[in-house]
2 protein chains.
Amino acid sequence: MTEKTSPPLYRRIADDLAEAIRGGAYGGGRGLPSESELSRAYGVSRGTVRQAFAQLRASGVVSSRQGARRQAQGEQRLQSMSELLSFSQWARSIGEVPGSREITAATTGSTAVVAAALDLAEGSQVLHVVRVRLLSGSPAMLEDTYYPERLAPLILSADLARDSLTERLERQGVHLEEAEHHIRAVPATPCVAELLDVAEGAPLLRTTRRTTEPNGRVVEFSVDHYRGDAVAFVVRNSAASTTTARVTAPGAG
Amino acid sequence: MTEKTSPPLYRRIADDLAEAIRGGAYGGGRGLPSESELSRAYGVSRGTVRQAFAQLRASGVVSSRQGARRQAQGEQRLQSMSELLSFSQWARSIGEVPGSREITAATTGSTAVVAAALDLAEGSQVLHVVRVRLLSGSPAMLEDTYYPERLAPLILSADLARDSLTERLERQGVHLEEAEHHIRAVPATPCVAELLDVAEGAPLLRTTRRTTEPNGRVVEFSVDHYRGDAVAFVVRNSAASTTTARVTAPGAG
DNA sequence: AAGTGGTCTAGACCACTAC
DNA sequence: TAGTGGTCTAGACCACTTG
């Protein structure tokens with residue numbers, strides 16, 4: 001009985017516009033409908049239309065200048081937060097087939113670093129999952145993820161080679177509210193090098209990721225190593241918005 | 001005669017709140033002033049106060065839940081876009097002394113890649129500036145920046161070892177509206193290794209950056225190499241906002 | 001000059017939280 | 001139950017762009 005309260009009007013309008021823009025309408029610098037046109041069309045006040053546009057502007061979908069009609073901001077795939085979190089969703093969105101080879105999935109005592117990241121006492125039991133993530137069959141990333149023990153049953157009952165854990169968690173009512181990623185460059189250690197099929201010492205993008213629920217509880221802490229020749233991150237920012245995305249490295253050697 | 005139009009009311013309110021939060025008021029989960037309190041205090045309508053809060057929420061400074069007072073979102077230094085763009089501003093914000101060693105500053109013909117990034121015809125003249133950027137005296141980044149020729153007089157009249165070009169451009173009326181950063185890991189080439197004082201093949205964070213004015217004209221295209229052991233990037237995202245920052249690498253080896 | 005987005009007001013009702 | 005934020009309306013004036 002999860003009562004769905006109907007979404008607000010401005011949301012509906014924003015979604016309609018976003019979909020039309022994705023579909024290629026408003027392409028060639030022609031300008032979007034004006035606020036007055038939309039408020040007539042939807043039978044709402046101008047304030048509601050402005051609220052819809054505020055949301056689109058914050059996510060980088062449209063730009064605006066006083067006096068002129070709003071413009072659709074082309075190209076940039078509106079990567080949602082879930083797309084940045086889920087390897088599977090991301091892979092599918094760029095037309096690759098996601099896959100993974102499970103290396104480990106076991107409960108262990110936590111080290112100081114892991115315990116701190118998960119807000120637990122050092123030595124607490126945590127679930128440690130190690131997977132090599134594949135893009136259409138070739139290794140792209142080594143994922144080292146730690147979950148608090150309470151999530152262990154949920155995770156271990158999944159098919160780690162095939163399922164998207166992120167999607168599974170969402171379906172089970174674990175909502176991912178906020179994530180923090182730290183991105184740096186490190187050399188491949190022998191062990192990582194072998195798993196990713198690169199030379200020892202080869203440059204890797206190492207990201208650590210900490211994801212929390214709306215109430216602040218930590219859902220996962222993950223240390224990921226991307227092949228430096230396979231993946232890059234894109235940050236796009238303006239006064240109005242900042243967006244981030246993961247992309248396959250262009251001109252990869 | 002640059003007439004300063006006074007900023008809107010909601011901006012003033014948002015700035016006041018942001019500064020109070022930075023200063024540590026509203027620290028211990030006590031909740032911010034309510035909308036009605038603020039509208040009384042400033043003598044404005046509730047809509048104006050909400051506009052101020054919308055801005056703070058979009059930049060990740062406050063969170064809100066229906067029914068409860070808004071909360072300040074601790075710690076995260078509100079890095080503005082300019083702080084991500086300007087090495088000097090960033091260095092000062094983390095308490096380091098910015099510096100640079102100029103390597104090259106000359107006009108040259110553009111390669112295909114540079115010309116494409118600057119929206120010019122291949123072979124057009126561009127200004128090429130190469131600098132080693134220092135954090136309190138030690139090399140942290142090699143910066144390879146290309147400017148369209150029209151900006152050459154402005155750039156060349158600066159003291160490249162000391163001035164912040166970003167700040168100089170802003171003062172001269174060149175407003176930086178949008179930037180796109182691509183971040184990946186690459187091995188140090190012999191030449192770069194020597195300039196950054198690292199071993200050949202050492203992992204570096206390479207970012208390419210393309211910055212545009214409000215009218216879409218490209219201001220700069222830059223290829224930067226950060227020492228992998230010195231610098232990291234942080235991306236923090238939630239449903240409400242995404243922010244990015246550059247940080248010095250923790251536990252650097 | 002007409003149209004557009006930016007700012008602001010003064011109300012209203014609702015869903016939710018805190019006590 | 002009182003207070004809070006979320007949604008929405010119907011107006012107003014202004015700054016700016018476009019013809």
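By convention in this document, chain letters (A, B, ...) are assigned in the order of the sequence lines, proteins followed by strands, and residues within each chain are numbered from 1. Scope of the values below: all heavy atoms of this structure, side chains included, with no hydrogens, waters or symmetry mates.
- Between its opening and closing five pairs, the helix from C:dA1-D:dT18 to C:dA18-D:dT1 changes axis direction by 10°, a value rounded to 10 degrees.
- For B:Y10, no side-chain nitrogen or oxygen approaches OP1 or OP2 of C:dC8 to under 4.0 Å.
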Mind listing the N/O atom pairs, protein and nucleotides 9-13 of chain D, below 3.5 Å?
residue : atom : partner : partner atom : Å
D:dT9   : OP2  : A:S45   : N            : 2.7
D:dT9   : OP2  : A:S45   : OG           : 2.9
D:dT9   : OP2  : A:T48   : OG1          : 2.5
D:dA12  : N6   : A:R46   : NH1          : 3.1

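- A salt bridge links A:E35 to A:R46: at least one charged side-chain nitrogen sits closer than 4.0 Å to a carboxylate oxygen.
- Each of A:A68 and B:R70 has a nearest nucleotide on DNA chain D; the 5'-most of these lies closest to B:R70.
- The shortest distance between the side-chain N/O atoms of B:S36 and the OP1/OP2 oxygens of D:dT4 is below 4.0 Å.
- Taking 4.0 angstrom as the limit, B:Q51 places a side-chain polar atom (N or O) nearer than this to OP1 or OP2 of C:dT7.
- Checked for salt-bridge contact, A:E37 and A:R69 meet the test: a charged N lies under 4.0 Å from a carboxylate O.
- Taking atom CD of A:Q55 as the reference point, atom P of D:dG6 lies 13 Å away to the nearest angstrom.
- When the P atom of D:dG5 is taken as reference, atom CG of B:L32 falls 9 Å away, rounded to whole Å.
- Under 3.5 Å, the side chains of B:T212 and B:E178 contain no donor-acceptor pair of N or O atoms.
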Which atom pairs, donor and acceptor, lie under 3.5 Å between side-chain atoms of residues 146-158 of chain B and protein residues at least two apart or in another chain?
residue : atom : partner : partner atom : Å
B:Y146  : OH   : B:H128  : NE2          : 3.3
B:R150  : NH2  : B:V218  : O            : 3.1
B:S157  : OG   : B:P153  : O            : 3.1
B:S157  : OG   : B:L154  : O            : 3.1
B:S157  : OG   : B:R168  : NH2          : 2.8

